[in-house]
Each structure stands twice: as structure tokens, then as C-alpha cells.
J.: 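Take this structure first; my questions come after.
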Protein chains: 2
Amino acid sequence: MRKIAESTVRRLSLYLRFLEEFEEQGIETVSSEALAARGGTTSAQVRKDLSFFGSFGKRGLGYSVQELVQKLRGILGLGRTYRVAMIGAGKIGSALVQYRGFKQRGFEIVAIFDTDAAKVGRGWNGLTVQDARELESALRDQRVDIAVIVTPADSAQNVADRCVALGIKAVLNFAPVQLTVPDDVVVKTVNLALELETLSYALTNR
Amino acid sequence: MRKIAESTVRRLSLYLRFLEEFEEQGIETVSSEALAARGGTTSAQVRKDLSFFGSFGKRGLGYSVQELVQKLRGILGLGRTYRVAMIGAGKIGSALVQYRGFKQRGFEIVAIFDTDAAKVGRGWNGLTVQDARELESALRDQRVDIAVIVTPADSAQNVADRCVALGIKAVLNFAPVQLTVPDDVVVKTVNLALELETLSYALTNR
DNA sequence: GGGCTTTTGTGAAATCTTTCACAAATGTAG
DNA sequence: CTACATTTGTGAAAGATTTCACAAAAGCCC
């Protein structure tokens with residue numbers, strides 16, 4: 001498949017959210033103009049984004065909300081569930097585990113790890129926190145699609161390496177470090193410091 | 001000042017992190033090549049990014065780590081402290097409050113709000129959680145530079161509107177919604193669902 | 001069915017970002 | 001002091017993304 005820009009994928013994901021809203025409100029049809037208005041972009045952008053994957057609209061009418069929801073779910077790979085391992089049972093991990101949208105969208109947390117002896121063995125939303133040293137033995141014969149790394153900065157790369165060795169191909173990283181992984185592994189890093197500094201830059205340069 | 005791309009600002013923020021690492025290690029001088037290697041980019045990119053703001057290096061030698069750290073702090077507006085109000089005292093808010101990098105980089109949380117009567121009045125890291133209905137009276141004569149919105153999705157826009165009315169010009173939003181604000185207010189949204197879906201897209205289309 | 005209105009899908013143009021490539025500095029070694 | 005090795009700073013080229021603009025499709029009304 002032709003390379004699609006990350007910005008495009010992010011917008012598709014946004015469109016999907018809006019379309020789900022529309023669906024709940026009982027709206028059956030939407031124009032690229034309406035979708036763009038909801039998402040702060042332009043109708044041409046919406047049409048171009050969709051056009052990379054096919055043509056889903058009816059000229060003169062717009063898009064069937066229901067149909068477009070289906071198509072976008074397919075494009076984004078949301079037609080299945082993903083098994084997620086969370087490594088790190090601190091505050092952020094705990095917030096994530098409770099986040100409903102996670103399960104709602106098909107991301108199921110199947111294991112939680114931590115190095116802290118005080119946490120290991122405790123129950124957490126129906127799961128037992130396991131010792132991080134047992135990552136390999138615990139995950140060897142469990143399929144895990146995505147690792148969420150919520151460890152302190154200094155252990156994140158080590159954890160990432162071990163996940164890669166286990167064959168995990170996708171990592172969501174909340175540790176404030178730049179992870180190095182092979183080309184066939186995809187990493188998304190959420191870095192709070194970066195966001196704050198973008199704000200501080202914007203506040204300064206006006 | 002000429003418009004600088006967001007991607008450039010994010011990289012500058014990354015460079016700063018790496019330079020601080022180098023500084024700790026006692027490294028005094030760094031080339032664009034070395035900085036690029038650490039950050040997964042190219043030396044030309046590093047030089048171009050910096051060139052928007054001046055020329056900080058010595059040909060044949062590279063950059064003084066210490067000097068470049070100073071310059072980048074200045075460019076990113078990190079030479080001061082920012083007063084932050086946190087609206088929402090749930091799990092994510094709690095994780096953020098404890099995040100050290102926050103204070104370390106000059107972002108000081110000066111107030112926390114929630115609507116939940118069970119939380120209001122409780123102490124939180126040296127601060128008392130205030131009733132969100134009192135946002136206006138509490139912040140009227142406190143300077144607040146940045147609002148962090150950590151409320152449920154359905155109240156986020158309302159909170160944002162009230163922050164804007166209070167004259168706040170920067171918002172960091174963790175609610176999974178697209179906020180609408182006037183042009184002179186800058187919003188960064190951290191949307192977990194979006195990150196997950198980018199991963200799922202990447203896993204699907206390989 | 002013909003004319004009118006709406007809205008898509010998409011090449012082409014415009015704009016933005018990254019990469020290239022090289023002259024100009026700067027230090028070093030002999 | 002000259003030749004040499006580095007490495008910056010930056011126009012120009014290449015590449016990527018967004019916007020424009022319009023023909024083509026589809027429904028609607030008379």
C-alpha cells in the first residue's frame with residue numbers, strides 16, 4: 001500500500017470520532033464540509049484524505065455516516081481486538097488501566113508488570129500485577145500486540161528491547177525518552193515535557 | 001517573528017533534552033552530526049532548525065553544549081516559571097501532579113479543581129482541591145498561564161470556554177475531544193485514542 | 001426528461017518541510 | 001605560515017502536504 005502520511009491517519013481517526021458522534025445523534029448523512037467544520041479542517045482535506053483509500057461518498061449527497069464509520073474502522077484496523085501488556089504499574093499506568101476508551105475500542109489489557117515488590121501480586125482491575133523480571137516467561141506463549149511502557153525513563157529502553165525480543169511490533173511509550181527499536185517495530189511516544197514546551201514556546205513568541 | 005513549524009519546535013525541545021544529557025556527562029562540545037545521531041534525525045536538519053534562530057556554532061568545531069542549552073532554553077521560553085491550574089482531580093490529574101519534570105522545568109501547579117464533592121477540600125501535594133464552580137472567583141486575581149484540562153470529555157469544552165473568559169492563553173487538554181477556542185489561545189491535545197489508532201493502523205498496514 | 005443545485009473526486013498549483021551540497025570559517029599540525 | 005581536516009550556515013533542489021478549482025455524478029423539481 002502506498003505510503004500514507006501520519007497526519008492523514010490522525011485525521012482519519014478524528015473523523016471516525018466525529019462520525020460516531022453523528023451516528024449517536026441519528027444523523028445519517030454528512031458532507032465533507034460538515035465533517036471538516038467539526039474537525040477544524042477543510043472539506044478538500046477531508047475528501048483528499050478519504051480518496052487515498054477509495055471513494056465512499058455520493059456526489060450531491062455526501063457520505064453515509066454508517067458506511068463511513070465502517071470503512072474508517074476497517075482502514076484503521078479497528079475490526080479486531082488488540083492484546084496489550086502494560087509495563088509499569090505507577091500512577092500513569094493506573095490511569096490508563098481505568099480509561100474506558102481503551103477496552104471500548106478493542107484494546108484489551110491482558111497483563112501488567114512492575115518491579116516494585118510492594119505492587120507485585122496486587123490485583124488491578126481484575127488482573128494481578130506480575131514481576132517485571134518475569135516478562136519473558138509470562139509473555140512467551142501469550143500473544144501480545146502492543147506494549148505500553150509506563151516505566152521510569154531509565155528502564156524504558158531496556159523494557160523496549162525485551163519487548164522487541166519477544167516479537168512485539170508496536171509500542172506506546174510514556175517514558176520521557178527517545179526509544180531505539182528496529183525498523184519493523186512502530187513506536188509512539190507521548191512526551192508531556194514536549195507538549196509543555198510547545199506551549200511555552202507559543203506563549204513566548206506571540 | 002517568522003512562523004516556525006511545530007515540528008521544528010518539537011525537535012528543538014528534543015535537542016535540549018539531549019544536550020542536558022551531554023552536559024551531565026561532562027561533554028563540552030557537540031557537532032550537529034552527534035546531536036542528530038542521538039535524536040534520530042540528520043545533521044542538516046539540526047543545523048536548519050537552529051538557523052531559524054541564529055548561528056550558535058563554530059565552524060570546524062561544533063556547538064558549545066552549555067551555550068546551546070542556554071540558547072534553546074531562551075528560544076523555548078523556559079527562562080521563567082509558568083503558573084498552571086489543573087482542572088480535574090482524577091487519575092490522570094493525580095499522575096500529572098506527581099510528575100517531577102513538571103516543576104523541574106518551571107511549570108508550577110498553583111491550583112486544582114474538581115466538581116466531585118468527595119474530592120473538594122482534600123489535600124493534594126500541598127494544594128487543596130477547590131470546587132470547580134469557583135474557578136472564576138479563585139482565578140480572577142491569580143495569574144495563571146496554562147490550564148491543564150483533565151475532565152471527562154463532556155465538560156471539557158465548557159471548562160475551556162471559562163478558562164478563555166478568564167484570559168488564559170494556553171491549554172493542555174487530556175480530554176478526548178477537539179476543543180474550540182479563539183485564535184489567540186493555543187491548545188495542545190493529548191489524545192490517547194488517537195495514538196492507539198495510529199498504532200493499530202501501522203500494525204494493520206504492513 | 002431537462003434544467004438546477006449540491007457535493008464528490010481529483011489533477012494541478014501552491015505552500016511547506018526536508019535534504020543536498022558547497023563555500024566560508026575555524027582549528028591543527030608540520 | 002601554509003596545507004589540511006572539520007564542521008557550520010545556507011541557498012537551491014527535491015519531496016511532501018495542503019489547497020484550489022472544476023468536471024462529473026446524483027438527486028430534485030417542474
Side-chain angles (χ1 to χ4, degrees), chain A residues 1-15 18-19 22 27-72 75 194 198 201-202 205, chain B residues 1-15 18-19 22 27-72 75 194 198 201-202 205:
Chain A
M1 163 166 284
R2 183 179 168 323
K3 172 80 167 40
I4 301 294
E6 160 135 6
S7 52
T8 298
V9 177
R10 296 181 79 86
R11 280 192 303 267
L12 291 178
S13 184
L14 273 180
Y15 302 157
F18 302 146
L19 287 163
F22 292 152
I27 297 170
E28 302 203 339
T29 278
V30 73
S31 67
S32 57
E33 192 62 49
L35 201 45
R38 180 67 187 77
T41 179
T42 67
S43 61
Q45 180 82 78
V46 170
R47 294 199 300 277
K48 184 63 95 179
D49 286 341
L50 294 174
S51 77
F52 293 128
F53 299 93
S55 65
F56 309 124
K58 273 208 169 54
R59 294 176 188 223
L61 253 200
Y63 302 87
S64 148
V65 170
Q66 226 199 346
E67 188 196 324
L68 197 49
V69 162
Q70 298 279 301
K71 295 286 188 189
L72 286 179
I75 291 166
L194 232 62
T198 322
Y201 175 82
N205 304 86
Chain B
M1 164 166 280
R2 185 181 168 321
K3 171 80 167 39
I4 301 295
E6 160 135 4
S7 52
T8 298
V9 177
R10 295 181 79 87
R11 280 192 303 269
L12 291 178
S13 183
L14 273 180
Y15 301 158
F18 302 147
L19 287 163
F22 291 153
I27 297 170
E28 303 204 337
T29 279
V30 74
S31 67
S32 57
E33 192 63 49
L35 200 45
R38 180 65 187 77
T41 179
T42 66
S43 62
Q45 180 81 80
V46 170
R47 295 199 299 277
K48 184 62 94 178
D49 286 341
L50 294 174
S51 77
F52 293 128
F53 299 94
S55 66
F56 309 125
K58 272 208 171 52
R59 294 176 187 220
L61 251 201
Y63 302 87
S64 148
V65 171
Q66 225 199 347
E67 189 196 324
L68 198 49
V69 163
Q70 298 278 303
K71 297 285 188 190
L72 286 179
I75 290 165
L194 230 63
T198 321
Y201 175 83
N205 304 86

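Just the heavy atoms: all of them, side chains too, but no hydrogens, waters or symmetry mates, feed the values below.
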J.: Whether A/Tyr63 contacts C/dT6 is assessed here as follows: a side-chain N or O lying under 4.0 Å from the phosphate OP1 or OP2. Is that the case?
T.: no
J.: Give a yes/no answer on whether the side chain of A/Ser32 brings an N or O atom under 4.0 Å of OP1 or OP2 in C/dT8.
T.: yes
J.: Under 4.5 Å between any side-chain heavy atoms of B/Lys48 and B/Ser51, yes or no?
T.: yes
J.: I need the CZ-P distance between B/Phe52 and D/dG11, as an integer number of Å.
T.: 11 Å
J.: Between atom CD1 in A/Ile4 and atom P in D/dT17, what is the gap in whole Å?
T.: 9 Å
J.: What is the distance from NZ of B/Lys3 to C1' of C/dT15, rounded to the nearest Å?
T.: 12 Å
J.: Between atom CD in B/Glu6 and atom P in D/dT17, what is the gap in whole Å?
T.: 16 Å
J.: Answer whether the closest heavy-atom distance between the side chains of A/Tyr63 and A/Leu19 falls below 4.5 Å.
T.: no
J.: Considering only nitrogen or oxygen atoms on both sides, find all protein atoms under 3.5 Å from nucleotides 25-30 of chain D and state each distance.
T.:
{"residue": "D/dA26", "atom": "O4'", "partner": "A/Arg59", "partner atom": "O", "Å": "3.1"}

J.: Begin from the C-alpha positions of A/Val9 and A/Phe52 and carry the test side-chain contact (heavy atoms from CB on, under 4.5 Å) through to its verdict.
T.: CA-CA 11 Å; A/Val9 177; A/Phe52 293 128; over 6 Å; no
J.: Nearest 0.5 angstrom please: B/Leu12 CG to B/Leu50 CG, how far?
T.: 6.5 Å
J.: Taking only side-chain N and O atoms of B/Ser7, does any of them lie within less than 4.0 angstrom of OP1 or OP2 on C/dT17?
T.: no
J.: Given atom CG of B/Leu35 and atom P of D/dT7, what is their separation to the nearest angstrom?
T.: 14 Å
J.: For a quick test of reading the model: is some side-chain N or O of A/Thr42 closer than 4.0 Å to OP1 or OP2 of D/dT19?
T.: yes
J.: Give me the residues of residues 43-50 of chain A where at least one heavy atom lies under 4.0 Å from an atom of DNA chain C, by number, or none.
T.: A/Arg47, A/Lys48
J.: Using the C1' atoms of five pairs at each end, what's the angle between the two axes of the helix from C/dG1-D/dC30 to C/dG30-D/dC1, to 10 degrees?
T.: 0°
J.: Mind checking whether B/Gln66 and B/Glu28 have side chains closer than 4.5 Å, heavy atoms only?
T.: no
J.: Roughly how far, to the nearest 0.5 Å, is the OG atom of B/Ser31 from the CG atom of B/Leu35?
T.: 8.0 Å
J.: Looking at B/Glu67, I'd like to know if its CD atom is crowded, meaning that more than 12 non-hydrogen atoms belonging to other residues, nucleotides or ligands lie closer than 6.0 Å.
T.: yes
J.: Mind checking whether A/Ile75 and A/Leu72 have side chains closer than 4.5 Å, heavy atoms only?
T.: yes
J.: With heavy-atom distances below 4.5 Å as the criterion, would you say the side chains of A/Phe22 and A/Arg38 are in contact?
T.: yes
J.: Determine whether B/Tyr201 and A/Ile4 make a side-chain contact, defined as any pair of heavy atoms from C-beta on separated by less than 4.5 Å.
T.: yes
J.: If I take atom CZ in residue A/Arg10 and atom P in nucleotide D/dA16, what distance separates them, rounded to the nearest angstrom?
T.: 20 Å
J.: Taking the side chain as every heavy atom from C-beta outward, state whether A/Arg10 and A/Leu14 have any atom pair closer than 4.5 Å.
T.: no
